[in-house]
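Step one of this worksheet: look at the structure below.
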Amino acid sequence: MAANQVPSKQVNESIVEFLTTEMVEAMIRTIKDDALKIGSERDPSFGNTTDGAGGPKDHSEGDEAMEAVYYKLEMIGFRVGERLIEKISKDRMRFTDNLDVVKFICKEVWMFLFKKQIDNLKTNHRGVYVLQDNNFRWFARMAHDQAPVESVKRVTPYLWFPCGILRGILSNLGIPSVVVAETSSLPACTFQIKIAKTT
Amino acid sequence: MANINISCIAIIGKQNNPLFIKNFNASHADLKYHYIAHTSCDVMEERAVMKTQDMYLGVLFSMEDLSVYGYMTNTKIKFITVLTVPDVIIKDLDMKNVFRRIHAAYVNHASNPFYEIDSQKMIKSKKFDQEIEAIGRGRPLEGGNRNSITTSSA
């Protein structure tokens with residue numbers, strides 16, 4: 001095994017971080033510009049809804065622009081995840097069950113994406129898995145001096161891309177799922193994976 | 001590697017849709033390999049459930065002068081290699097190597113943003129074709145494969 005291991009590729013981390021954050025920013029900006037151009041009477045500035053974190057529904061109730069941002073970012077993530085899993089599951093044994101796949105995500109996929117493992121995994125053994133990361137890497141550079149509620153709103157779009165990645169990975173492994181992420185205090189966040197019951 | 005005489009390499013997608021098939025041996029018509037590839041789908045699924053967790057599934061069945069080998073990835077893509085039975089025994093290790101090369105070629109192909117993974121269309125890519133061609137003819141790829149696994153030592 002060790003004999004035919006290819007030397008690992010290295011990549012500048014800052015570039016990757018800038019790219020992911022700018023991707024989110026660009027997506028929000030362009031979609032809002034579009035919304036303004038169309039001349040929708042609704043104020044498309046995001047983060048003016050009442051309650052805090054959660055899926056796109058809670059976050060941007062009635063905000064179509066953010067809905068579009070969510071859809072696009074999630075789709076980008078989905079496509080990335082689909083391809084990514086082909087690559088990282090190449091030299092792995094076959095998965096036995098869904099829990100095995102989720103464990104693989106917690107350990108190896110997280111290691112691959114964020115150079116750390118998930119801190120805590122909870123499951124109800126009925127298809128819901130909660131993955132907790134106490135120090136989410138893509139939040140490492142983010143700090144807010146606004147009220148926590150406000151910063152949660154600002155930060156939620158950044159979780160949509162990794163959500164999509166997880167969904168893409170699961171989908172390509174033949175497991176249809178819904179992935180939602182939320183954060184309450186900044187470097188920590190949780191991902192909730194709901195796997196549709198198979199017959 | 002030298003004694004493996006590959007007649008055909010076929011790739012079957014998630015929904016048992018054909019993705020790619022290449023015939024290296026003019027002694028049989030393409031149709032025969034299409035037939036073999038589809039017959040092996042069921043065998044592979046059976047094997048994958050009961051057998052080991054290895055992606056390599058071994059000899060699926062033999063047919064006249066051909067023996068069929070299977071390999072299924074985690075993403076349920078099936079690779080099938082048909083060999084013309086030689087005089088010498090074929091080592092599993094050699095076959096695994098062949099499949100690993102096919103897998104590497106497929107992963108490279110799947111990384112292509114212009115390839116729709118779920119599209120169920122046949123793979124049409126010159127580069128992929130060349131890589132499979134090289135594997136089928138049992139020669140290393142010129143210029144090297146981006147993610148290639150060295151086949152010499154294993």
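Every chain is numbered from 1 and lettered A, B, ... according to where its sequence line falls, protein lines coming before strand lines.
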Decide whether [X] and [Y] are clustered together by the hydrophobic rule: side chain heavy atoms of Ile, Leu, Val, Met, Phe, Trp, Tyr closer than 4.5 Å, transitively.
X       : Y       : result
F112(A) : V101(A) : yes
V130(A) : F114(A) : no
M27(A)  : Y71(A)  : no
M75(A)  : V69(A)  : no
V109(A) : I76(A)  : yes

Exceeds 12 heavy-atom contacts within 6.0 angstrom, atom CZ of F61(B) = yes
Check whether more than 12 heavy atoms from other residues, nucleotides or ligands sit under 6.0 Å from atom NZ of K72(A), and answer yes or no.
-> no
Would you name the heavy atoms of K90(A) and A104(B) that are closest together and state the gap between them?
-> NZ-CB, 4.1 Å
Shortest non-hydrogen contact between M72(B) and R94(A), atoms and distance = O-NH1, 3.1 Å
Using modelled atom types only, decide if a donor and an acceptor are shared between the side chain of R79(A) and the backbone of P113(B) within a distance under 3.5 Å.
-> yes
Can you tell which of N172(A), L84(A), T96(A), I85(A) has the highest number of heavy-atom pairs within less than 4.5 Å of chain B?
-> N172(A)
Calculate, to the nearest 0.5 Å, the distance between atoms [atom1] and [atom2] belonging to [X] and [Y] respectively.
X       : Y      : atom1 : atom2 : result
L173(A) : K76(B) : CG    : NZ    : 7.0 Å
I77(B)  : E86(A) : CD1   : CD    : 5.5 Å
T75(B)  : E82(A) : OG1   : CD    : 10.0 Å

Toward chain B, the part of R92(A) with a non-hydrogen atom under 4.5 Å | both
Is there side-chain contact between M93(A) and N74(B), with at least one heavy-atom pair below 4.5 Å?
-> no
